[in-house]
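Just below is one structure, and these are the notes that go with it.
Indexing begins at 1, ligand by ligand and atom by atom, following the structure's order.
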Amino acid sequence: MGRLELALGVKDALIVVDMQKDFIEGSLRVEGALGIIPKVNRYVEFFSENGCCIFYTRDWHPENHISFVDNGGPWPKHCVAGTEGASFHPQLLIPADNVFIISKGTDPGFDAYSGFQGTILDQLLRERGIKRLFVCGVATDYCVKHTVIGGLNLGYQVFVLLDAIRGVDVREGDSERALAEMYEAGAVGIEL
Ligand code: VGL
Ligand code: ZN
């Protein structure tokens, strides 16, 4: 696929996963996340110019969230709803129109790595007749992976924007393995 040559239409949507301060330069920093902002913004412009809807997911945890180390979970406290760290990175482009914000992980007792889990994302996509999803953001091995596989399981055609994702890689190779799982599930990796 060439440079931004794909013909986009109203049945296509961009999903920008968790481009929040805490994941980019805060408490749960993803290596290289700052570096993909220009790539993400380029996709945002491209989809916006083509009249496509853009969905921004965000991790939006309560203080007592189960995923935090203090509460017995695996992660440092991050993306607490309403805090600075939970806000979208100031360099992230967010157009005025055709934009939806999807908050996830809002229930203290459950984690939600997929943008579909406990949200109305599927409903919003269906209402608009959207069939193809193009996914970028962080983290490849957590929320990107689960959002991609969640979308495939719901019947969407899902493309992973390879130059605009970054992973946590708690164990070496996690992001590569996550991509392999996404491909196995039917996702297609592209760079536009
Ligand atoms: C994420 C770890 C914890 C993510 C969210 O957005 O990938 N990772 N919470
Ligand atoms: Zn989280």
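Neither the backbone nor the side chain of Val168 comes within 4.0 Å of ligand 1, counting heavy atoms alone.
The Zn ion (ligand 2) has no N, O or S atom of Asp18 inside 2.8 Å of it. Within the 2.8 Å limit, His78 places at least one N, O or S atom next to the Zn ion (ligand 2).
Between His78 and ligand 1, at least one N/O pair is under 3.5 Å apart. For ligand 1, one of its N or O atoms has an N or O atom of Cys143 under 3.5 Å away. In terms of polar-atom proximity, Phe23 is not counted as a contact of ligand 1, lacking any N or O under 3.5 Å from an N or O of the ligand.
The atom of His61 that is an N, O or S and sits closest to the Zn ion (ligand 2) is NE2. Sorting the N, O or S atoms of Asp59 by how far they are from the Zn ion (ligand 2) puts OD2 first.
Clustering ILVMFWY residues whenever any of their side-chain heavy atoms sit less than 4.5 angstrom apart, transitively, puts Met182 in the very cluster that holds Leu121. Trp60 and Val80 fall into different hydrophobic clusters, defined by Ile, Leu, Val, Met, Phe, Trp and Tyr side-chain heavy atoms under 4.5 Å apart, directly or through other members.
Annotation for Tyr43 and Leu192: closest pair OH-N, 3.0 Å, computed over non-hydrogen atoms. Gly82 and Ala86 make their closest contact through N-CB, 4.4 Å (heavy atoms, listed as atom of the first residue, atom of the second, distance).
Annotation: side-chain contact (heavy atoms from CB on, under 4.5 Å) contacts of Asp12 (sequence neighbours excluded): Leu8, Cys52, Arg132, Phe134.
When the heavy atoms of Asp59, Thr57, Asp111, Val17 are ranked by distance to atom 9 (N) of ligand 1, first place goes to Asp59.
Between the side chains of His78 and Gln20, no donor-acceptor pair of N or O atoms lies under 3.5 Å.
At least one donor-acceptor pair closer than 3.5 Å links the side chain of Arg29 to the backbone N or O of Gly26.
Nearest protein heavy-atom neighbour of atom 2 (C) of ligand 1: Trp75 CE2, 3.4 Å. Here the heavy atom of the protein found nearest to atom 8 (N) of ligand 1 is Tyr142 CB, 3.8 Å.
Each of the atoms 4 (C), 6 (O) of ligand 1 lies under 4.0 Å from some heavy atom of Asp18.
Each of Ile15, Leu124, Thr147 was checked for a side-chain contact (heavy atoms from CB on, under 4.5 Å) with Ile102, and the lone residue meeting it is Leu124.
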